[in-house]
Amino acid sequence: MKQLWIIYKNEMVFLLFIGGLFLWGTVATALAFMNRENVVLIGKTQNSYQLIDEEKKDPLEVENFIRHFIALTLNFDEESYKRHISLSGDLMTKSLWKKKKPEFKEMMNFIKEFKVIQSSELLGIKKIKSNKYEAKIRSYLYKKGVLKEKNKFILLSLTGNKRSYANPWRYSVTNVEVK
């Protein structure tokens, strides 16, 4: 046995090294698959900030989600429009995003051509049904040196979803109607 070790010492050390690497790779892969994505969302409540998790439902989360969605979709200029719409697309269901994407592209061309700037002010949110909300907004549109002010109602339908880094909210928008 001692002679085998002397003769095959280098080969055995090499095989032990390869075996150790294989074991390390297997354990690292198994741990990577077991590691779950953890989304952390810190929300503002009436008087403070808090960690929002899956178990605890915050009654203001729907309102904050709607505020965030409207801020992304209705406050933009030529430079920020594409980024804002992309971020708001993460808050929509895939089917709504497919439906709205051509409208957003057409709007992007309009904004670039006329150097449009729009800002909006949320005046109120009202719950209509269990998953439908009505948001009253006042929008300010600056186009070709002219400022136009207009009040609008936006009807939003929401559905629940699992939080992710793209959409850290508990909700997704399934339908949007502007009246």
Side-chain angles (χ1 to χ4, degrees), residues 39-54 56-179:
V39 177
V40 176
L41 178 67
I42 299 174
K44 186 173 190 309
T45 60
Q46 290 175 340
N47 299 322
S48 64
Y49 289 91
Q50 70 179 20
L51 183 66
I52 298 173
D53 57 17
E54 287 297 323
K56 194 168 48 173
K57 291 195 177 190
D58 181 8
L60 294 176
E61 188 175 1
V62 173
E63 186 177 321
N64 289 334
F65 172 75
I66 292 171
R67 286 180 188 283
H68 181 70
F69 181 76
I70 288 175
L72 283 174
T73 54
L74 299 178
N75 295 307
F76 55 81
D77 59 16
E78 182 183 1
E79 300 298 318
S80 66
Y81 182 75
K82 187 175 181 178
R83 181 174 44 86
H84 281 212
I85 293 305
S86 176
L87 291 170
S88 70
D90 292 338
L91 305 179
M92 298 179 196
T93 58
K94 288 181 182 182
S95 59
L96 179 62
W97 176 246
K98 279 184 179 180
K99 180 180 162 186
K100 292 287 186 183
K101 197 172 180 179
E103 293 176 34
F104 291 139
K105 283 186 177 183
E106 186 178 315
M107 184 70 161
M108 187 167 36
N109 295 331
F110 175 79
I111 291 167
K112 284 184 179 183
E113 182 180 343
F114 294 106
K115 309 283 189 235
V116 173
I117 299 171
Q118 179 173 300
S119 65
S120 298
E121 175 184 4
L122 184 62
L123 302 175
I125 299 172
K126 185 169 73 173
K127 186 175 185 176
I128 298 172
K129 291 182 182 176
S130 64
N131 65 341
K132 293 189 186 250
Y133 296 85
E134 179 182 73
K136 183 178 181 182
I137 61 156
R138 179 174 295 133
S139 71
Y140 304 94
L141 183 74
Y142 184 77
K143 178 179 87 171
K144 291 186 173 181
V146 177
L147 180 65
K148 293 181 181 178
E149 182 180 322
K150 189 175 186 181
N151 287 344
K152 299 178 187 178
F153 288 95
I154 298 177
L155 298 174
L156 295 167
S157 298
L158 306 180
T159 187
N161 75 301
K162 188 175 183 206
R163 298 181 197 275
S164 67
Y165 284 106
N167 181 1
W169 301 91
R170 188 187 309 270
Y171 307 99
S172 288
V173 179
T174 58
N175 194 30
V176 178
E177 293 177 46
V178 180
K179 294 186 176 192

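For the atom pair OG of Ser86 and CG of Leu72, the computed distance is 10.0 Å after rounding to the nearest 0.5 Å. With values rounded to the nearest 0.5 angstrom, Ile137 atom CD1 is found 8.0 Å from Leu123 atom CG. The distance from the CE atom of Met108 to the NZ atom of Lys82 is 5.5 Å, given to the nearest 0.5 Å. Here NZ of Lys150 is found 9.5 Å from CG of Leu141. Values are rounded to the nearest 0.5 Å. Here the straight-line distance linking atom CD of Glu61 with atom CD1 of Ile66 works out to 11.0 Å at 0.5 Å rounding. Interatomic distance, Thr73 OG1 to His68 NE2, rounded to the nearest 0.5 Å: 10.0 Å.
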ask   = Could you go step by step and tell me if Glu121 and Tyr140 meet the side chain to side chain contact (heavy atoms under 4.5 Å, CB included) rule?
value = CA-CA 8 Å; Glu121 175 184 4; Tyr140 304 94; 3.2 Å; yes

inquiry  = For a side chain to side chain contact (heavy atoms under 4.5 Å, CB included) check, start with the C-alpha distance between Phe76 and Ile85, then their side-chain angles and the critical distance, and finish with the verdict.
reply    = CA-CA 9 Å; Phe76 55 81; Ile85 293 305; 5.8 Å; no

inquiry  = Glu63 vs Tyr133, test: side chain to side chain donor-acceptor pair (under 3.5 Å). Steps then yes/no.
reply    = CA-CA 9 Å; Glu63 186 177 321; Tyr133 296 85; over 6 Å; no

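Leu158 places a side-chain heavy atom less than 4.5 Å from the side chain of Val173. Between Ser88 and Met92 there is a side-chain heavy-atom pair separated by less than 4.5 Å. The side-chain heavy atoms of Phe65 and Leu91, taken from C-beta on, include a pair separated by under 4.5 Å.
Closest approach of Ser139 to Lys152, counting heavy atoms only: OG-CE, 3.7 Å. For the pair Leu96 and Asn175, the tightest heavy-atom approach, listed with the atom from each and the gap, is CD2-N, 3.8 Å. Summarising the geometry of Ser172 relative to Asn161, their closest heavy-atom pair is OG-CG, 3.4 Å, with the distance given to 0.1 Å. In terms of heavy-atom proximity, Lys132 sits nearest to Ser157 at NZ-OG, 3.4 Å. Nearest approach of Ile154 to Val178, heavy atoms of both residues: CG1-CG2, 4.3 Å. For Val62 against Tyr171, the heavy-atom pair with the smallest separation is CG2-OH, 3.0 Å.
If you check the side chains of Ser164 and Asn167, you find no donor sitting under 3.5 Å from an acceptor.
Counting non-hydrogen atoms of neighbouring residues, nucleotides and ligands closer than 6.0 angstrom, the CD atom of Glu106 reaches no more than 12 such neighbours. Atom OH of Tyr142 has 12 or fewer neighbouring heavy atoms from other residues, nucleotides or ligands inside a 6.0 Å radius.
Classified by interplanar angle (parallel below 30°, tilted 30° to 60°, perpendicular above 60°), the ring pair Phe110/Phe114 is tilted. Ring orientation note: the planes of Tyr81 and Phe104 are nearly perpendicular, at an angle over 60° on the 30°/60° scale.
Within the 3.5 Å criterion, the main-chain N or O of Leu74 finds a donor-acceptor partner in the side chain of Ser120.
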